[in-house]
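Notes to accompany the following structure.
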There are 2 protein chains.
Amino acid sequence: MTGNSHIQKALKMLENSPLKLTSQRVSLIKTLFKDGNQHFSAEDVYNKVKNTGVRISLATIYNCLNQFTSHGILKMVKASSDKVYFDTNLKSHHHFFCKASGELTDIDAKKVRISKLPKIPQGKKLNSIEVIVNISD
Amino acid sequence: MTGNSHIQKALKMLENSPLKLTSQRVSLIKTLFKDGNQHFSAEDVYNKVKNTGVRISLATIYNCLNQFTSHGILKMVKASSDKVYFDTNLKSHHHFFCKASGELTDIDAKKVRISKLPKIPQGKKLNSIEVIVNISD
DNA sequence: TACTAAATTAGAATTATTCTAAATTAGAAT
DNA sequence: ATTCTAATTTAGAATAATTCTAATTTAGTA
Ligand SMILES: [Mn+2]
Ligand SMILES: [Mn+2]
Ligand SMILES: [Zn+2]
Ligand SMILES: [Zn+2]
């Protein structure tokens, strides 16, 4: 047991959440966090999990991905794509997006400096700033 | 004839494009550019046009909005929403997005300074930088 | 006026995602 | 251990946004 630390950390977050520790959720965490920071569509996850031999319905994939997102175990990213991406990188960061390939790539927050921003509209509060750098070949 | 300049400019762009000047396209331009910079979903446009008494199919709305986008008469914006927004502001700019209300608001490019960016990945070229400032009540 | 490529349209199809309602299960209580 | 119950899982239907198909119409040219 090499003990993948990404998986361990995510499992700990699941345990610390009010979500029950089901076999489906544990399998999902293991698949999602196996290889460090990645971006998955729901269908990606469905196929990846199937490849491990574990059987989970697509409805459960969606349920869990959304619950993980609500509980801070995943982040959701929308780009100029018809599908949503789930992001295992929980640090605040930005993205390159290549529409042609559908590939989303992390940009570390330190690599971007936003030195000027307008004031937030009356009565609203700032939630997050997302920078997407669209690229192509 | 007061001669709305936003409409005139967009009609000029339509004339200068290879797209044929059909009654549907002209009606669309008039509806879209009537009130300056705005953000519309396809359904928004469909309803707005219907209110003017003009009858255009939803398929044509989608066809035209996509063609206008391809020919630089409109821009497309994706936010954390299930629908695409079409933007009549052709200048390079950014957005506030309030998920709760679905409201997208322009931020002038001058109000944002990005003073640091990572280098673009090997063999790719920079297309655009989109900053979305997510806000809530 | 006739011609033809482009555009429009109704309605079907597709895709991503959510919902429904019935069966199963995790974890707490006995 | 056994029971209990709310949370979870699931198949399949439903929904919503968007695209496609194939027939009809039209813009702009000859
Ligand atoms: Mn879609
Ligand atoms: Mn949807
Ligand atoms: Zn990321
Ligand atoms: Zn805008």
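Here the structure is a predicted model, which means the values were calculated and not measured. Order of the sequence lines fixes the chain letters, A, B, ..., with proteins taken first and strands second; residue numbering starts at 1 for each chain.
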statement: Ordered by number, residues from residues 72-79 of chain A within less than 4.0 Å of DNA chain D (heavy atoms) are none

Can you measure [X] atom [atom1] to [N] atom [atom2] for me and round it to whole angstrom units?
{"X": "I61(B)", "N": "dA10(C)", "atom1": "CD1", "atom2": "C1'", "value": "15 Å"}
{"X": "D44(B)", "N": "dA17(D)", "atom1": "CG", "atom2": "C1'", "value": "13 Å"}
{"X": "Q67(B)", "N": "dT18(D)", "atom1": "CD", "atom2": "P", "value": "16 Å"}
{"X": "L65(B)", "N": "dA7(C)", "atom1": "CG", "atom2": "C1'", "value": "15 Å"}
{"X": "L21(A)", "N": "dA28(C)", "atom1": "CG", "atom2": "P", "value": "11 Å"}
{"X": "L14(B)", "N": "dG28(D)", "atom1": "CG", "atom2": "C1'", "value": "14 Å"}
{"X": "D82(B)", "N": "dT18(D)", "atom1": "CG", "atom2": "P", "value": "8 Å"}
{"X": "L19(B)", "N": "dA6(C)", "atom1": "CG", "atom2": "P", "value": "11 Å"}

Would you tabulate the nitrogen or oxygen pairs shorter than 3.5 Å linking the protein to nucleotides 19-26 of chain D?
| from | atom 1 | to | atom 2 | distance (Å) |
| --- | --- | --- | --- | --- |
| dT19(D) | OP2 | N66(B) | ND2 | 3.1 |

Quick one: side-chain contact (heavy atoms from CB on, under 4.5 Å) partners of [X], sequence neighbours excluded?
{"X": "S81(B)", "value": "K83(B), Y85(B), F97(B)"}
{"X": "L90(A)", "value": "M13(A), K75(A)"}
{"X": "S70(B)", "value": "none"}
{"X": "S136(B)", "value": "K125(A), N127(A)"}

query: In terms of side-chain heavy atoms of K83(A), which of dA17(D), dT10(D), dA16(C) is nearest?
result: dA16(C)

- request: Kindly indicate whether the side chain of E15(A), heavy atoms from C-beta on, has any atom under 4.5 Å from the side chain of K12(A).
  value: yes

field: Pairs meeting criterion ring pair (Phe, Tyr, Trp, His ring centres under 6.0 Å) with involvement of residues 30-83 of chain B, two or more places apart
entry: H39(B)-H95(B)

- prompt: Looking only at heavy atoms, which two atoms of A109(A) and S92(A) are closest? And how far apart?
  reply: CB-O, 3.1 Å

- line: Writing each nucleotide of DNA chain C 5' to 3' as (, ), [, ], | or . by Watson-Crick or G-U pairing under 3.5 Å yields ||||||||||||||||||||||||||||||

field: Any side-chain donor near an acceptor of the partner, H93(B) and D108(B), under 3.5 Å
entry: no

Contact under 4.0 Å: [X] side-chain N or O vs [N] OP1/OP2:
{"X": "T60(B)", "N": "dT8(C)", "result": "no"}
{"X": "R25(B)", "N": "dT8(C)", "result": "yes"}
{"X": "R55(A)", "N": "dA11(D)", "result": "yes"}

Tell me which donor-acceptor pairs under 3.5 Å the side chains of residues 22-29 of chain A have, and how far apart each pair is, sequence neighbours excluded?
| from | atom 1 | to | atom 2 | distance (Å) |
| --- | --- | --- | --- | --- |
| T22(A) | OG1 | R25(A) | N | 3.2 |
| R25(A) | NH1 | K20(A) | O | 2.8 |
| R25(A) | NH2 | Q67(A) | OE1 | 3.1 |
| S27(A) | OG | S23(A) | O | 3.0 |

- prompt: Of all residues at least two apart in sequence or in a different chain, which pass the side-chain hydrogen bond (donor to acceptor under 3.5 Å, both in side chains) check with S128(B)?
  reply: N134(A)

Less than 3.5 Å apart, which donor and acceptor atoms pair up between the side chains of residues 116-124 of chain A and the rest of the protein, not counting sequence neighbours?
| from | atom 1 | to | atom 2 | distance (Å) |
| --- | --- | --- | --- | --- |
| K116(A) | NZ | K110(B) | O | 2.9 |
| K124(A) | NZ | D137(B) | OD1 | 3.1 |

query: Can you list every pair that meets salt bridge (Lys or Arg N to Asp or Glu O under 4.0 Å) and has a residue in residues 38-63 of chain A, with sequence neighbours left out?
result: none

- request: Between Q24(B) and V84(B), name the one whose nearest nucleotide on DNA chain D is closer to the 5' end.
  value: V84(B)

